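Predicted model only: the values in this text are computed from it and were never measured. Below, chains carry the letters A, B, ... as their sequence lines are ordered, and counting in each starts from 1.
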Amino acid sequence: MPSYWLMKSEPETYSIQDLERDGRTMWDGVRNYQARNNMRKMKEGDLVLYYHSRQDPPAAVGQAKVVREAYPDPTQFDEKSRYFDAKASEEDPRWWLVDIEWVETFPSPVALSDIKSESALGDMVLVNNSRLSVQPVKKAEFDRVRTMAGG
DNA sequence: GCCAACGTTGGC
DNA sequence: GCCAACGTTGGC
């Protein structure tokens with residue numbers, strides 16, 4: 001049985017349309033331990049709500065699937081990368097990532113305001129800790145958001 | 001673009 | 001190990 005997650009991205013950086021075009025991507029650049037730890041718990045086949053932050057309105061915009069379990073984020077070793085981390089080494093990586101694959105772009109995105117006004121979604125991490133960029137979601141929450149997205 | 005909330009760093 | 005200073009996130 002898959003687990004469910006929510007991953008945030010600023011659409012200007014990497015949108016659901018970019019993921020749809022690319023098919024799959026490496027979720028690099030996460031530099032928060034809690035978010036990293038969540039990625040390390042992910043299993044192949046887990047499902048992800050794709051969320052656009054810092055857009056108007058912020059919204060859940062689609063669905064993705066974990067296709068490769070956690071491995072070291074190569075950008076932490078790349079001095080030219082903005083994600084370079086001098087304290088990380090190949091022997092002792094700090095940052096991990098997963099690969100995800102596009103599943104669906106929602107026919108109608110579910111705005112944060114709609115999520116907040118849905119009482120069944122009141123316990124979502126999204127509603128209570130707005131900063132965590134990779135977070136667990138309950139199956140019932142995932143299904144509810146999917147239903148609200150129509151189509 | 002502002003700024004509150006949160007996370008991290010580093011001096012002590 | 002505390003906590004002030006700083007940096008980042010992300011809703012508004």
Side-chain angles (χ1 to χ4, degrees), chain A residues 3-22 24-42 46-66 69-100 102-138 140-150:
Chain A
S3 296
Y4 296 85
W5 308 93
L6 180 146
M7 292 166 99
K8 293 181 193 173
S9 183
E10 295 183 26
E12 287 190 14
T13 305
Y14 196 81
S15 68
I16 187 78
Q17 288 76 23
D18 293 327
L19 182 61
E20 181 168 1
R21 180 199 63 219
D22 295 345
R24 63 185 277 168
T25 196
M26 208 170 60
W27 205 253
D28 61 5
V30 169
R31 294 295 179 268
N32 170 284
Y33 289 104
Q34 223 182 325
R36 178 203 69 179
N37 293 345
N38 285 333
M39 283 200 289
R40 293 185 71 170
K41 292 178 196 157
M42 290 181 182
D46 282 0
L47 294 170
V48 175
L49 275 177
Y50 201 102
Y51 179 86
H52 281 173
S53 62
R54 292 189 69 99
Q55 71 162 6
D56 191 19
V61 293
Q63 198 183 328
K65 183 169 71 177
V66 176
E69 293 178 14
Y71 60 101
D73 180 343
T75 62
Q76 71 193 301
F77 310 127
D78 177 4
E79 285 184 46
K80 293 189 204 72
S81 169
R82 62 176 290 226
Y83 300 122
F84 176 68
D85 184 344
K87 293 178 181 162
S89 65
E90 308 257 3
E91 303 73 43
D92 188 18
R94 277 191 159 193
W95 305 111
W96 298 68
L97 53 69
V98 296
D99 288 355
I100 61 170
W102 178 84
V103 172
E104 176 191 26
T105 301
F106 288 154
S108 55
V110 183
L112 178 62
S113 56
D114 294 333
I115 291 173
K116 283 182 169 170
S117 59
E118 182 70 30
S119 59
L121 301 177
D123 287 337
M124 281 187 78
V125 180
L126 185 69
V127 174
N128 300 293
N129 173 5
S130 70
R131 290 177 45 117
L132 186 60
S133 68
V134 179
Q135 50 181 262
V137 171
K138 297 191 189 79
E141 294 166 343
F142 187 96
D143 292 344
R144 184 81 196 105
V145 172
R146 178 61 195 82
T147 301
M148 290 164 78

Polar pairs (N or O, both sides) under 3.5 Å between protein and nucleotides 6-11 of chain B?
unit_1 : atom_1 : unit_2    : atom_2 : d
dC6(B) : O2     : Arg131(A) : NH1    : 3.1
dC6(B) : O2     : Arg131(A) : NH2    : 3.0

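For Ala88(A), the side-chain contact (heavy atoms from CB on, under 4.5 Å) partners two or more places apart in sequence, or in a different chain, are Gln76(A), Phe77(A), Asp85(A), Arg94(A).
Annotation: Trp95(A) is not in aromatic contact with Tyr71(A) [ring centroid separation under 6.0 Å not met].
Asp78(A) and Thr75(A) share no donor-acceptor pair across their side chains, judged by distance under 3.5 Å alone.
Between the side chain of Ser9(A) and the backbone N or O of Tyr14(A), at least one donor-acceptor pair lies under 3.5 Å.
Tested against Met7(A), the residues Trp27(A), Tyr51(A), Tyr50(A) include a single side chain to side chain contact (heavy atoms under 4.5 Å, CB included) partner, Trp27(A).
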